[in-house]
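Worksheet: one structure, shown below.
We count residues from 1, following the sequence as given. All values derive from a computational prediction rather than experimental measurement. Order of appearance sets the numbers: ligands from 1, and atoms from 1 within every ligand.
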Amino acid sequence: MQIERVETYPLLYRLPQAYGDANGYKRYRTSYLIRLITRSGIDGWGEIIDWLPTLHRGFQERIIPFLLGKLATDRLTITDVISKWHQRSAAGVSIALTEIVAKRAGLSVCELWGGKFHRQIPVYASFQSYREQGDWAESSIRFVTEQIRAGHKRVKVKIGGRSIAEDQAHIDRLMQSLPPDVLVALDANQSYDLAHARLWERIFWRYTNWMWLEEPMPLERTQEYVKLRAALSVPLAGGENLVSCAQFLPLYQAGALDIAQPDLQHTHGIDSYRTHLQMARQFGYRISPHSFDGGLSRLYTLFAQACLPAWSKMDADPIEPVEWDVMENPFSQLFPLQPVNGAVTIPEGAGIGIEPDWELIHAMRWDGSVYA
Ligand code: MG
C-alpha cells in the first residue's frame, strides 16, 4: 500500500463567453487532477480547484515528495500534515487515498463507509445568471428553461450582482416562466445588509416553489441572520466557504440557518467533511452541499449524501439535493455521470465505480502559461 507514483493533470478551459455571479465573472474553468498509484498498482484519483501555477508548483516541490513512500492507509495523518500547508490539496489527496483503500478491499467507497441509505440523490441545476451582454436576464431565463426541459426539477439562480430592482424583475419573470413544480433557490453571495435582504420577501410571498435564500449577507453577521430568518417565509442557507465543523457551530447554536451548505473542497478532507454531515444530522439540521467546482469532488459529495440518513420522515425528498453545475464547463464531465429527471444514480463498483474521460484529460492539458 506504499505510494509509488503521483501523476498530475493540470487542466484549463478558457470560456468563450464569461458568466458570473455577484462576485464577478468567470473567464476560465480549471481542474487539477491527481492520480496516486501504489507499489501494487492500485490507483486513486483526487481533484483540487485552485490557480494552477501555484498549485502545480506546490505539488511538484512539496506535496509529491512528501507523499512518495507513505502508506495509503495512513490517510488521516497524511491529510492532517498537508492541510497545514494547503487545505484544498489536503481535501484532494484525502479522496484519492479513500479510493485506494476501497479498491484494495474490493469495495465501493459507499460500502467502505458502511453502505448507502439512498441509491439516488436529487441534484439542483446551478446557474451563474450574469453575462456581460445587456440582455443577461433574457439569456438567463432561456438557459434555465432549457435545463428544465432536459429534466432538472430544481434550480439555483444568482442575485446580488445588480440593483435590487433589476434582480427582482429578472426573478419575477423567471418564476412566471417556470412550471410551478420546479423548485427555486436564490443565491446572493453575501451581497446585502439586513434591510436589503428583507426586501426579497416582496418576491417570496408571490410564489410557493422556493427551496431557499442562500447567503444574503456576510456570514459572520450571525445575529442579522437570526433576525432575517425570523422575518422571511423561505429557509436560509449558507456556509460554502466555512472550513470546519467548529465554524458552523455558532450558526447552529444561534439558530441562524435552516440549511448548512458545506463544500468538500473547502474542508480539511473527506473525513472531516463527513464528520460535519453526521454531526449536523445528529442535531437534526438540513445539509444541502455546495459543490459547484469539480466533478470528482461532487461525486464524493454524492457518495457522502448517499450514506446519510434521511433528514425528516415528512420531506417528500428522501435526502437533500446536491449542487450540479450546468454552466459551460467541460470538467464537470471528467468522470462522466449525468442526472436523469433531476436525480443521479450512485455508481456501483470498486472504488468510485467510474473511469475518467482520458480523451478530455489529454485535450484540456494546461500549457503552463499564466492566465487571469
Ligand atoms: Mg453560494
Side-chain angles (χ1 to χ4, degrees), residues 18-26 29 49-50 87-88 91 122-131 136 140 143-144 147 152 154-162 164 167-168 170-171 174 183-194 196-197 200 203-204 210-222 224-225 228-229 232 234-244 247-248 251-252 256-267 273 276-277 280 285-295 297-298 301-302 304-305 320-329 332:
Y19 49 71
D21 57 20
N23 292 330
Y25 291 107
K26 292 176 177 60
R29 300 297 292 263
I49 311 290
D50 210 330
Q87 169 270 315
R88 287 183 177 216
V123 296
Y124 65 86
S126 190
F127 297 86
Q128 299 273 300
S129 302
Y130 302 118
R131 302 215 179 233
W136 67 271
S140 159
F143 193 28
V144 173
Q147 292 297 320
H152 279 286
R154 299 167 188 78
V155 299
K156 181 168 94 182
V157 290
K158 296 292 187 175
I159 58 174
R162 299 287 190 276
I164 297 249
D167 274 342
Q168 290 195 344
H170 166 230
I171 298 303
L174 175 74
L183 299 176
V184 180
L186 302 183
D187 183 0
N189 292 90
Q190 311 197 23
S191 297
Y192 303 127
D193 62 6
L194 179 58
H196 282 97
W200 279 91
I203 296 288
F204 291 141
W210 301 107
M211 288 196 291
W212 62 73
L213 173 62
E214 181 170 324
E215 301 198 335
M217 305 176 290
L219 208 58
E220 63 270 18
R221 296 189 192 170
T222 310
E224 309 274 79
Y225 268 85
L228 185 64
R229 189 173 172 227
L232 291 187
V234 302
L236 276 182
E240 65 191 59
N241 293 311
L242 301 185
V243 176
S244 70
Q247 289 177 325
F248 275 92
L251 295 162
Y252 287 140
L257 291 177
D258 295 277
I259 302 165
Q261 299 179 298
D263 186 317
L264 163 58
Q265 287 191 40
H266 300 162
T267 66
Y273 174 78
H276 178 194
L277 259 55
Y285 292 105
R286 280 192 268 173
I287 296 258
S288 202
H290 182 267
S291 187
F292 185 70
D293 246 333
S297 40
R298 182 178 63 194
T301 303
L302 291 164
Q305 205 76 350
E320 301 92 318
V322 166
E323 182 167 31
W324 194 271
D325 175 9
V326 291
M327 300 307 291
E328 182 178 8
N329 176 14
S332 66

> Can you name the side chain to side chain contact (heavy atoms under 4.5 Å, CB included) partners of Gln247, sequence neighbours left out?
Replying inline: Leu242, Val243, Ser244
> Are Tyr273 and Pro262 side-chain neighbours, meaning at least one heavy-atom pair lies under 4.5 Å?
Replying inline: yes
> Roughly how far apart are Ile159 CD1 and Asp187 CG, rounded to 0.5 Å?
Replying inline: 7.5 Å
>> I'd like to know if Asp293 and Arg29 make a salt bridge, using a cut-off of under 4.0 Å between side-chain N and carboxylate O.
In response: yes
> Which protein atoms of type N, O or S are found under 2.8 Å from the Mg ion (ligand 1)?
Replying inline: Asp187 OD2, Glu214 OE2, Glu240 OE1
>> Can you see whether Glu240 engages Gln261 through a side-chain donor-acceptor pair at a distance of less than 3.5 angstrom?
In response: no
> Taking atom types as modelled, is there a side-chain donor on His276 or Thr267 under 3.5 Å from an acceptor on the other?
Replying inline: no
